[in-house]
Number of protein chains: 2
Amino acid sequence: MSPVSFFKCLADDTRLHCVLLLQHKGELCVCDLVDAIGESQPKVSRHLAQLRECGILLTRREGQWMYYRLNPQLPAWAAAVIGQAAEGNSVYLKPALVRLGKSESQASCCD
Amino acid sequence: MSPVSFFKCLADDTRLHCVLLLQHKGELCVCDLVDAIGESQPKVSRHLAQLRECGILLTRREGQWMYYRLNPQLPAWAAAVIGQAAEGNSVYLKPALVRLGKSESQASCCD
DNA sequence: TGTGTATATATGTTTTTTCGTATATGGTGG
DNA sequence: CCACCATATACGAAAAAACATATATACACA
């Protein structure tokens, strides 16, 4: 993966939220991400597909639900970039994390 | 600077080359960058202006020449991202570094 | 002041990206 | 098989980014 296409993947609000939330939470299903980010399901799904196609995310199906996670085989520099971005932008990420916490404390979309 | 706009700045070949070359060399004038990257002067100049406007680069004028460098006051996470990107992509950067070395060994554009 | 060099910007066009909406796919349970 | 849910994709429209080319600015030096 070229560095430019990697950075292109992070250069969108929806995609960056997905990546940073997954870096934080380990694994999430699409409905969790839709709730946390507050965008339409097709929009989130399209961006997730893009992140998977370029190798940043992996998926696992469980029944009706599709779980996304960071690809553990990312080049070290790319994983480090994601880690730094997550560390340095907790303020940017916080609202989505709060929404994620709320939907987890209640009956979640994927229980 | 929002993380998304920061990553947008790195999500272009010309801009990423500029940033990584400057990370490597400390300070370069526009003509050095034009030679190293092999793109037209207006194109490089436009991208440099964009990097300066978003706070990633600073400039210093010396006579006819304009020298660019990384902004030392970048947020720590952003500086770390640039560092990681430079470390992990020496292959991507190498051709430009070679061209830079050649033009430096000869009479340079800005001597 | 006038010429030459380095760099910046303006303009119109083309390409790329993103989007909303509609629809398709794939699995679950009746 | 059917109705339902979660997710994915297709498609045309709209918005954003990048481009080539021409021109402007700023400085140096005669």
Side-chain angles (χ1 to χ4, degrees), chain A residues 2 4-19 21-22 27-54 56-69 100 103-104 106-111, chain B residues 2 4-19 21-22 27-54 56-69 100 103-104 106-111:
Chain A
S2 85
V4 170
S5 54
F6 174 71
F7 285 125
K8 268 192 216 288
C9 282
L10 303 185
D12 172 274
D13 239 306
T14 303
R15 290 194 299 270
L16 187 60
H17 271 108
C18 289
V19 168
L21 286 170
L22 289 168
E27 196 180 51
L28 292 167
C29 70
V30 177
C31 54
D32 285 332
L33 289 164
V34 167
D35 290 349
I37 297 172
E39 300 280 356
S40 73
Q41 178 272 321
K43 178 168 172 179
V44 172
S45 191
R46 192 156 15 87
H47 285 294
L48 286 170
Q50 192 177 337
L51 289 165
R52 185 188 41 193
E53 280 155 25
C54 82
I56 294 180
L57 301 185
L58 298 181
T59 57
R60 171 177 72 88
R61 179 179 279 284
E62 186 171 324
Q64 311 168 256
W65 297 285
M66 188 68 81
Y67 286 89
Y68 283 81
R69 64 186 187 283
L100 195 55
S103 70
E104 275 176 351
Q106 302 169 358
S108 175
C109 52
C110 50
D111 288 327
Chain B
S2 85
V4 169
S5 54
F6 174 72
F7 285 125
K8 268 193 218 286
C9 283
L10 303 185
D12 172 273
D13 240 306
T14 304
R15 289 194 300 270
L16 187 60
H17 270 108
C18 289
V19 168
L21 286 169
L22 289 168
E27 195 179 53
L28 292 167
C29 71
V30 177
C31 53
D32 286 331
L33 289 164
V34 168
D35 290 349
I37 297 173
E39 300 280 358
S40 73
Q41 178 272 320
K43 179 169 171 178
V44 172
S45 191
R46 191 160 15 86
H47 285 295
L48 286 170
Q50 193 177 335
L51 289 165
R52 184 188 41 193
E53 281 155 23
C54 82
I56 294 179
L57 301 185
L58 297 181
T59 58
R60 172 177 71 87
R61 179 179 280 283
E62 186 171 322
Q64 309 169 258
W65 296 285
M66 189 67 80
Y67 286 90
Y68 283 80
R69 63 186 187 283
L100 195 55
S103 71
E104 274 177 350
Q106 302 168 357
S108 175
C109 53
C110 49
D111 287 329

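Chain identifiers are assigned alphabetically (A, B, ...) following the order of the sequence lines, protein sequences preceding nucleic acid strands; residue numbering begins at 1 within each chain. All of these numbers come straight from a predicted model, not from anything done at the bench.
To the nearest angstrom, P of dT7(C) lies 8 Å from CG of Asp32(B). Whole-Å rounding puts the His17(B) NE2 to dA18(D) C1' distance at 17 Å. Between Leu16(A) atom CG and dT18(C) atom P the separation is 13 Å, expressed in whole Å. With rounding to whole Å, Leu51(A) atom CG is found 15 Å from dA8(D) atom C1'. Between the CZ atom of Arg15(B) and the C1' atom of dC19(D) there is a distance of 13 Å, given to the nearest Å. One atom, CE of Met66(B), and another, C1' of dT5(C), lie 14 Å apart when rounded to the nearest Å. Put simply, CG on Leu48(A) is 10 Å from P on dT7(D), counting in whole angstrom units. In this entry the distance linking CZ of Arg61(A) with P of dT25(C) reads 14 Å, nearest Å.
Of the possible donor and acceptor atoms, one in the side chain of Arg61(A) sits under 3.5 Å from a partner among the backbone N and O of Gly63(A). Between the side chain of Arg15(A) and the backbone N or O of Cys9(A), at least one donor-acceptor pair lies under 3.5 Å.
You'll find the side chain of Leu48(B) stays beyond 4.5 Å of the side chain of Arg52(B), heavy atoms only. With a 4.5 Å cut-off on side-chain heavy atoms, Arg60(A) and Glu27(A) count as touching.
Of the candidate nucleotides dA6(D), dG20(C), dT17(C), dG20(C) has the atom nearest to the side chain of Ser40(A). Taking only side-chain atoms of Lys43(B), from C-beta outward, the nucleotide of dT18(C), dA6(D), dC19(D) with the closest atom is dC19(D). The side chain of Pro42(A) lies closest to dA8(D), out of dT18(C), dA8(C), dA8(D). Looking at the side chain of Asp12(B), the nearest of the listed nucleotides dA6(C), dA22(C), dA18(D) is dA18(D).
Below the 3.5 angstrom threshold, one finds a donor paired with an acceptor across the side chain of Gln41(B) and the base of dA8(C). Between the side chain of Gln64(A) and the base of dT28(C), no donor-acceptor pair of N or O atoms lies under 3.5 Å.
Looking at which nucleotide of DNA chain D each of Glu53(A) and Lys8(B) is closest to, the 5′-most match is held by Glu53(A). Each of Ala11(A) and Arg46(B) was matched to the nucleotide of DNA chain C holding its nearest heavy atom; the match closer to the 5' end belongs to Arg46(B).
Here His47(B) does not reach the OP1 or OP2 of dA17(D): none of its side-chain N or O atoms lies under 4.0 Å away.
Contacts of Tyr67(A) with the nucleic acid, taken as non-hydrogen atoms under 4.0 Å apart, are absent.
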Show, in sequence, the C-alpha distance, side-chain angles and deciding distance for Asp32(B) and Leu21(B), and conclude whether the side-chain contact (heavy atoms from CB on, under 4.5 Å) test is met.
CA-CA 10 Å; Asp32(B) 286 331; Leu21(B) 286 169; over 6 Å; no
